[in-house]
Structures are given as C-alpha cells and as structure tokens.
Amino acid sequence: MKRMLLNGRWVSSSETIEIRNPQDNSFIDTVPRATTEDMQAAIAAAVTGAQRAAQLPTHQRMTILRETAERIAKNFDRFAETIACEGIKTIREARKEVTRCIETIRLSAEEARHIHGETIAFDQMPGSENRQGYFSRMPIGIVAAITPFNDPLNLVAHKIGPAIAAGNAIIVKPHEATPLSALLLAEMVQQSEIPDGMLQVITGYGSEIGSTLTTDRRIRMVSFTGSPQTGETIIREAGFKKVSLELGSHCPVIVMNDADLTSAVDATLSGAFWAAGQNCVHVQRILVQDDIYDRFCEDFVTRTAAYRMGDKLDEGTDMGPLINEQLACQVERCVNEAVAEGATLLAGGQRQGNFYTPTVLADVPDSCHLAQNEMFGPVTLLYRFHTLEEAIDQANRLDYGLHAGVFTRDMGTAFKAIKQLHCGGVMINDSSDYRIDAMPFGGVKGSGLGREGVRYAMHEMTEPKVVCFNL
Ligand code: NAD
C-alpha cells in the first residue's frame with residue numbers, strides 16, 4: 001500500500017483506491033482515498049510550508065531540484081515502468097516522458113537563479129525626481145496543482161519544479177487512476193532537505209476533494225491541467241485567486257502541395273497515435289491540399305494499418321490502451337456515429353476491451369461529435385482543401401486553440417499561416433505535438449489560460465513587488 005505525503009510525513013487512510021493496469025485490469029497497488037479533512041490538514045500545513053519556502057535561499061531551492069533530477073536519473077527504469085504500468089504509455093513512450101521530466105526539473109533548478117525584476121525610472125513623473133526603485137518577483141504563496149492521467153510524471157514535474165524554484169508551497173492532487181508516478185517523484189524530492197508542508201501530494205477523487213482545495217481562500221493559485229469540463233468547474237468555483245488552465249484541443253495540421261510528403265506522414269502519424277491519442281496536442285485533423293491528398297492518404301493509411309497495439313512493456317509495441325473502458329467505449333460510439341452519418345472509415349474502427357485500433361476517417365460531416373469536440377483517443381480525421389484560406393478557416397472554426405502544424409517549403413505560406421491561425425503555437429514542418437519543456441506552452445480560446453514551460457510557469461507563480469526609495 002502506497003502512502004500520500006502530508007505535512008512532511010507519509011500517511012495512509014482508512015479507505016483506499018485500487019490502482020489497476022488499464023491494459024488488463026490487473027491490480028498494481030493501492031493509494032489513500034483522501035477525505036476533505038485530509039485536504040484541509042494539507043492546506044493548513046501549506047500555510048506554514050509557504051512561509052518556510054519563501055525563506056529558503058535560491059541556492060537551497062536549486063540544490064533540492066538538482067538533487068531531485070539526479071535521483072530521477074538514477075531510478076530511470078523504475079519511473080518508466082511505473083508510468084507504463086499505471087498509465088496508457090508503452091515502455092518506449094514512458095522512457096521519453098522520464099527523460100523530459102529530468103529536463104523539466106533541471107530547467108527549474110537553472111531558472112531559479114533568473115527570477116528577475118527591473119529598475120523603475122520613477123523620475124519620469126514630475127515631482128518624483130528624488131525617487132529611485134525597482135520591482136522584484138515574490139513567491140505567490142500556496143499553489144494547488146491538479147493533474148491529468150496522460151503524462152502522470154512530467155505534467156506533475158511542470159508544476160512542482162517551477163513552484164519550488166519560485167519559493168512556493170505546492171499541494172498536488174494527481175489523477176486518481178495514475179497517482180503512483182507523482183508519489184515516486186515526491187519521494188525523490190523528499191530525500192533532499194525540504195521544509196515540511198512545502199510539497200504535499202494528496203491522493204483521491206477530484207469529485208470528492210477537488211473543490212476543498214480549489215475554493216480555499218488561502219490557496220493563491222490553482223494550476224490545472226485536464227479536461228475543459230473540469231476546467232470550467234474549477235474557474236467557476238475558485239473565486240478570488242489566480243487560475244491557470246491547460247485544457248484540451250482539436251489540433252489541426254495543414255499539409256500543402258509543396259510539403260515534404262515523407263516527413264509530413266511520419267510526423268502526423270506519430271502525432272495522431274502517440275499515447276493512443278491521449279495527448280492534448282494530439283493530431284485530430286489533417287488538412288491536405290488537393291494535389292497530394294490521394295498520395296498522403298494512401299501512405300498514412302498503410303502506415304496506420306501497420307501499427308502494433310498490445311502489451312505496453314513489450315519493446316515492439318507501438319500503441320497501448322485507453323485509460324479505461326468508459327473512454328474506449330466513448331471512442332467507439334463516436335466513430336460509429338460518424339460512419340453512420342456518412343464518414344468513410346479508412347483504417348481501424350475496432351475496440352478490443354480497453355484498446356481501440358488506430359483509426360483514420362475521411363468525409364466526416366461537421367455535425368458529428370468527432371468533428372466538433374476533442375477525442376482523447378487514437379482517431380484522426382482527413383480533410384481535402386484547395387486554398388490556404390480554406391484550410392485556415394477550417395483550422396480556426398472550433399473553440400479550441402492549443403497547437404497547429406503546417407507543412408510547406410514556402411516561407412510566404414508559413415508566415416501567412418502563423419499570423420492567421422488562432423492558437424498558442426504553430427509548428428512549421430512538424431506536427432502539432434512537437435514541444436520542448438523550455439518553451440511557453442498553452443492555448444487560446446477554449447484550450448486554456450496562462451502558460452506553462454518552466455520559466456513561464458514561474459512567472460505565473462510569482463507576483464511583482466515594487467520598492468521605491470524617497471531620497
Ligand atoms: P479530468 O479533467 O477528468 O481530470 C483532471 C484532474 O482533475 C484529475 O486529477 C481529477 O481528479 C481532477 N478533478 C476532477 N473533477 C474535479 C473537480 N470538480 N475539482 C477539482 N479537480 C477535479 O481530465 P483527464 O481525463 O485526466 O485528462 C484529459 C484532458 O486533459 C484532455 O482534455 C486533455 O486535452 C487535457 N490535457 C491538457 C494538457 C495541456 O497541457 N493543455 C495536457 C494533458 C491533458
């Protein structure tokens with residue numbers, strides 16, 4: 001039985017949640033099913049934790065983070081296996097997540113020394129000639145971090161790393177299906193000298209303990225990554241505090257006639273089926289210009305059909321399962337609905353328990369659920385277009401805007417698309433799922449508010465304090 005981290009101690013609870021492997025429902029472990037009283041105790045501990053965190057000098061915060069990154073690297077295989085067992089990733093995908101997590105924590109250590117303010121020219125105001133001063137950025141206080149199941153380690157690192165680097169206390173509420181990676185990460189952090197209450201990980205159901213955390217007035221910021229539905233609930237309930245939301249999308253990739261076809265197929269294929277499509281920057285729509293549409297379709301569909309679905313720990317497996325049967329059935333229902341309404345099924349379309357075969361659809365009517373809403377599963381839709389303007393209109397038509405991709409060799413086309421696409425990031429000659437951990441990451445419209453990427457998350461987790469000397 002795993003325990004959760006409350007006020008510097010590893011504690012259990014009378015009720016537990018069973019963690020099961022989504023590929024075969026086999027039992028892995030249990031974690032505490034925290035109560036609202038547990039969450040209240042964590043918030044009370046975080047009040048003292050935040051005071052202590054704000055007193056820690058920069059070099060100590062850097063040391064905690066550097067040591068943590070080293071420990072993760074030493075326990076690399078343990079982390080990869082934990083992700084691959086509790087979550088939806090194959091072992092090869094899980095290793096990439098561990099590598100990125102090490103990078104995220106190292107970046108956090110480096111960025112801690114770059115929390116800069118600015119001097120202010122007070123003498124710009126008549127009457128202020130004798131004043132001099134500056135602003136510096138101060139820790140925001142207590143951060144509540146709520147995370148999803150699909151990247152159970154690195155998305156937690158993207159909240160813990162910046163929070164510690166900026167001198168905050170943080171309470172993490174990981175997804176109830178995948179809390180083991182977050183607990184293992186906290187175990188690595190706790191082996192350093194860190195004040196009690198600075199980092200806490202409380203395991204439980206979002207529906208039971210989430211609002212105790214998000215509505216408490218002592219929490220100064222909620223950093224949420226998850227579905228638009230939960231994001232809306234949180235922003236309605238949170239009240240007087242900062243809220244950052246990293247939500248879902250329906251990412252488009254535009255492939256122009258002049259694109260390098262091989263690299264466009266390679267990148268969009270990986271972007272469509274990485275983590276079985278359970279990825280916020282998943283390629284859900286591929287818009288292909290008419291001259292190359294038939295060739296693109298043929299290559300993409302042939303490569304999709306060759307994907308190997310199966311045991312996540314098998315090195316040869318390309319794609320794992322959906323997180324649970326409910327999501328697998330939802331994918332099945334939406335694909336069947338699209339086909340019934342006239343879509344053409346080019347590949348996939350089969351559910352086997354929690355697995356769903358990589359699926360490609362064309363001619364999907366705009367009225368279908370799949371054409372309007374994010375599908376957190378291995379399904380991608382192909383569209384044919386004639387002009388760039390048509391493709392941009394199609395890409396912008398939904399209330400999402402996380403990332404988009406554009407394949408072209410023409411600079412003019414690239415810059416036009418960059419200017420006109422409504423989203424947080426445009427990847428030229430890459431699929432929408434390209435990302436590094438040091439860049440600003442986040443969406444516009446219904447895809448979110450605020451930015452992650454270590455330095456940008458630290459900006460959100462700090463507040464400017466102005467100092468002025470009247471000389
Ligand atoms: P989810 O919203 O179901 O759960 C996310 C977290 O919210 C979980 O920890 C859950 O316990 C918690 N939660 C649920 N109800 C809550 C409540 N009322 N109050 C507080 N917390 C509550 O999301 P999911 O299914 O885990 O993740 C999939 C979604 O996340 C997709 O939409 C995906 O696009 C999005 N996502 C976005 C990003 C990004 O960076 N933009 C990254 C990964 C996933």
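Remember, it's 1-based here, ligands and their atoms both numbered in the order they're listed.
Atoms of ligand 1 found under 4.0 Å from any heavy atom of Leu155 (numbered from 1 in listed order, with element): 42 (C), 43 (C). Using a 4.0 Å cut-off to heavy atoms of Phe224, the atoms of ligand 1 that qualify are 2 (O), 5 (C), 6 (C), 7 (O). Distances below 4.0 Å separate heavy atoms of Thr225 from the following atoms of ligand 1: 5 (C), 37 (C), 38 (C), 39 (C), 40 (O), 42 (C), 43 (C). The atoms of ligand 1 that sit less than 4.0 Å from any heavy atom of Pro228 are 32 (O).
Counting only heavy atoms of the protein, atom 20 (C) of ligand 1 lies nearest to Gly210 CA, 3.5 Å. Here the heavy atom of the protein found nearest to atom 35 (C) of ligand 1 is Gly226 O, 3.2 Å. Summary of contacts: the protein heavy atom closest to atom 14 (C) of ligand 1 is Thr230 CG2, 3.6 Å. Remark: minimum distance from atom 34 (O) of ligand 1 to any protein heavy atom is reached at Glu374 OE2, 2.6 Å. Among protein heavy atoms, atom 44 (C) of ligand 1 sits closest to Asn150 OD1, 3.4 Å. Distance from atom 12 (C) of ligand 1 to its nearest protein heavy atom, with residue and atom name: Ile146 CG2, 3.6 Å. Closest to atom 17 (C) of ligand 1, if we only count protein heavy atoms, is Gly206 O, 3.6 Å. Here the heavy atom of the protein found nearest to atom 26 (O) of ligand 1 is His175 CD2, 3.0 Å.
Asp77 has no carboxylate O lying under 4.0 Å from a charged side-chain N of Arg95, or vice versa, which leaves the two without a salt bridge. Using a 4.0 Å cut-off between charged side-chain N and carboxylate O, Arg451 and Glu460 make no salt bridge. The residues Arg33 and Glu208 are annotated as salt-bridged, a charged nitrogen and a carboxylate oxygen being separated by less than 4.0 angstrom. A salt bridge does not link Glu463 with Lys242: none of the charged nitrogens is closer than 4.0 Å to a carboxylate oxygen. Classification of Arg100 and Asp151 as a salt-bridged pair fails, no side-chain N sitting under 4.0 Å from a carboxylate O. Salt-bridge check for Lys241 with Asp216: failed, with every basic side-chain N at 4.0 Å or more from each acidic carboxylate O. The pair Asp29-Lys2 meets the salt-bridge criterion, since a charged nitrogen lies less than 4.0 angstrom from a carboxylate oxygen.
Of the N and O atoms on the side chains of Thr230 and Ser227, at least one donor lies less than 3.5 Å from an acceptor on the other residue. Side chains of Lys312 and Thr90: a donor-acceptor N/O pair is absent below 3.5 angstrom, by distance only.
For atom 24 (P) of ligand 1, the nearest non-hydrogen atom from the set Phe441, Tyr400, Phe149 belongs to Phe149. Scanning Glu176, Arg451, His250, Glu232 for the heavy atom closest to atom 11 (O) of ligand 1 points to Glu176.
Residue-to-ligand polar distances keep Asn279 apart from ligand 1: every N/O pair is separated by 3.5 Å or more.
For Thr147, every heavy-atom contact with ligand 1 shorter than 4.0 Å involves the backbone, none the side chain. At a heavy-atom cutoff of 4.0 Å, ligand 1 is contacted by both the backbone and the side chain of Lys173. Under 4.0 Å from ligand 1, the heavy atoms of Leu247 that appear belong solely to its backbone. With a 4.0 Å cut-off on non-hydrogen atoms, Pro174 touches ligand 1 through its backbone and not its side chain.
The shortest separation from a heavy atom of Gly442 to ligand 1 is not under 4.0 Å, leaving the residue out of contact.
Taking the ring axis of Phe441 as reference, the NZ or CZ atom of Arg435 stays within 45° of it and closer than 6.0 Å to the ring centre.
Checked against the 6.0 Å centroid threshold, Phe407 and Phe296 do not count as a close aromatic pair.
Crowding of Arg113 atom CZ: a count of heavy atoms from other residues, nucleotides or ligands under 6.0 Å not exceeding 12.
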